[in-house]
Participant: 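Just dropping this structure here.
Residue numbers start from 1 in every chain, and the chains themselves are labelled A, B, ... in the order their sequence lines are given, proteins ahead of strands.
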Amino acid sequence: AQSVTQPDIHITVSEGASLELRCNYSYGATPYLFWYVQSPGQGLQLLLKYFSGDTLVQGIKGFEAEFKRSQSSFNLRKPSVHWSDAAEYFCAVGQGNMLTFGGGTRLMVKP
Amino acid sequence: DAGVIQSPRHEVTEMGQEVTLRCKPISGHNSLFWYRQTMMRGLELLIYFNNNVPIDDSGMPEDRFSAKMPNASFSTLKIQPSEPRDSAVYFCASSLVASAGELFFGEGSRLTVL
């Protein structure tokens with residue numbers, strides 16, 4: 001069965017600092033991988049996705065993620081965090097249209 | 001464009017009462033999903049439909065939960081009778097079958113069962 005682990009429940013970074021959110025997955029075949037963001041009181045919004053090809057994928061809001069098969073990881077990065085990035089971030093692995101989500105990482109941004 | 005529309009946004013009810021949550025997917029989308037989000041269990045897929053047909057309901061907790069999709073533009077999730085442990089945020093999401101995981105979520109229905 002597929003599973004997703006996000007080791008960090010909470011992360012706090014200073015505005016302008018770089019960010020990396022970790023995601024590890026378990027899946028028997030080549031995975032479809034996703035990052036979603038959830039602002040308070042809102043539903044989830046897709047940031048980016050990886051299906052195949054270039055292992056570095058670009059998303060919205062300046063985010064990128066890198067797929068590393070050898071490490072079963074799909075970490076999310078942003079070079080300079082803005083206060084509006086404070087939210088909860090979810091990594092997900094997909095099989096067809098069915099997604100399995102990680103537990104989420106809550107990002108707080110210090111001024 | 002209108003996104004996924006859920007109602008009600010908030011519901012407070014007493015144990016034993018029936019609860020009905022409603023969802024209108026994005027027009028043209030042919031897959032619909034119901035998720036439940038709690039602090040303890042995170043995001044759980046309850047059920048999903050393709051072309052109005054339930055494909056996988058293995059995530060539905062028990063017989064108290066039922067979901068229907070009578071047409072392409074409307075779905076309901078019903079809990080009868082409700083229990084305090086059903087308190088959660090329930091999300092509806094829709095997508096195109098061909099989009100393989102690109103889900104569009106509604107803003108959720110926050111249910112509190114007293």
Side-chain angles (χ1 to χ4, degrees), chain A residues 1-10 21 23-27 29-53 57-60 63 65 67 74 76 87-106, chain B residues 1-10 21 23-26 29-60 88-110:
Chain A
Q2 59 204 39
S3 65
V4 180
T5 301
Q6 294 180 244
D8 305 305
I9 297 175
H10 293 100
L21 302 183
C23 172
N24 294 98
Y25 66 90
S26 172
Y27 189 69
T30 301
Y32 294 168
L33 294 162
F34 306 83
W35 276 98
Y36 281 80
V37 60
Q38 184 181 27
S39 298
Q42 302 293 312
L44 280 70
Q45 179 186 17
L46 180 67
L47 280 176
L48 49 77
K49 60 187 177 186
Y50 170 79
F51 286 174
S52 64
V57 293
Q58 303 296 320
I60 62 171
F63 286 91
F67 169 57
F74 188 57
L76 182 71
E88 188 150 19
Y89 292 80
F90 292 90
C91 182
V93 61
Q95 180 180 14
N97 249 353
M98 291 185 60
L99 297 188
T100 299
F101 286 90
T105 298
R106 183 168 298 278
Chain B
D1 287 342
V4 176
I5 300 172
Q6 292 187 245
S7 64
R9 289 295 312 278
H10 302 274
L21 308 179
C23 175
K24 177 178 169 57
I26 292 173
H29 282 189
N30 48 13
S31 289
L32 183 139
F33 306 79
W34 283 100
Y35 282 88
R36 178 172 68 177
Q37 186 178 38
T38 61
M39 291 291 293
M40 292 297 295
R41 301 173 68 91
L43 270 164
E44 302 172 278
L45 176 64
L46 300 178
I47 186 171
Y48 86 95
F49 297 82
N50 278 353
N51 296 311
N52 313 336
V53 176
I55 302 301
D56 188 333
D57 65 355
S58 59
M60 295 286 263
V89 181
Y90 291 81
F91 287 102
C92 177
S94 70
S95 74
L96 292 168
V97 172
S99 71
E102 188 166 354
L103 274 57
F104 293 80
F105 282 79
E107 294 186 323
S109 294
R110 181 176 294 276

Participant: Side chain, backbone, both or neither: which part of B/Arg9 has a heavy atom under 4.5 Å from chain A?
Facilitator: side chain
Participant: If you count the non-hydrogen atoms of other residues, nucleotides and ligands that lie under 6.0 Å from OH in A/Tyr32, is the total more than 12?
Facilitator: no
Participant: So which residue, B/Tyr35, B/Phe105, B/Phe104, B/Tyr48, ends up with the most heavy-atom pairs under 4.5 Å with chain A?
Facilitator: B/Phe105
Participant: When rounded to the nearest 0.5 angstrom, what distance separates CG in B/Leu103 from CZ in A/Phe101?
Facilitator: 6.0 Å
Participant: Tell me whether the count of non-hydrogen atoms from other residues, nucleotides or ligands lying under 6.0 Å of CD1 in A/Ile60 goes above 12.
Facilitator: yes
Participant: Return the CG to CE distance between B/Leu45 and A/Met98, rounded to the nearest 0.5 Å.
Facilitator: 5.0 Å
Participant: Of all of A/Leu99, A/Thr100, A/Leu46, which one pairs up most often with chain B through heavy atoms under 4.5 Å apart?
Facilitator: A/Leu99
Participant: With a 4.5 angstrom heavy-atom cut-off, is it the side chain or the backbone of B/Ile55 that approaches chain A, or both, or neither?
Facilitator: neither
Participant: Return the CG to CD distance between A/Leu44 and B/Glu107, rounded to the nearest 0.5 Å.
Facilitator: 12.0 Å
Participant: I'd like to verify something: which residue of A/Gln45, A/Lys49, A/Gln42 has the highest number of heavy-atom pairs under 4.5 Å with chain B?
Facilitator: A/Gln42
Participant: Could you go through A/Phe90 and B/Gln37, starting from their C-alpha distance and side-chain angles, then the distance that decides it, and tell me whether this counts as side-chain contact (heavy atoms from CB on, under 4.5 Å)?
Facilitator: CA-CA 12 Å; A/Phe90 292 90; B/Gln37 186 178 38; 3.4 Å; yes
Participant: Non-hydrogen atoms of chain B under 4.5 Å away: do they reach the side chain of A/Gln38, the backbone, both or neither?
Facilitator: side chain
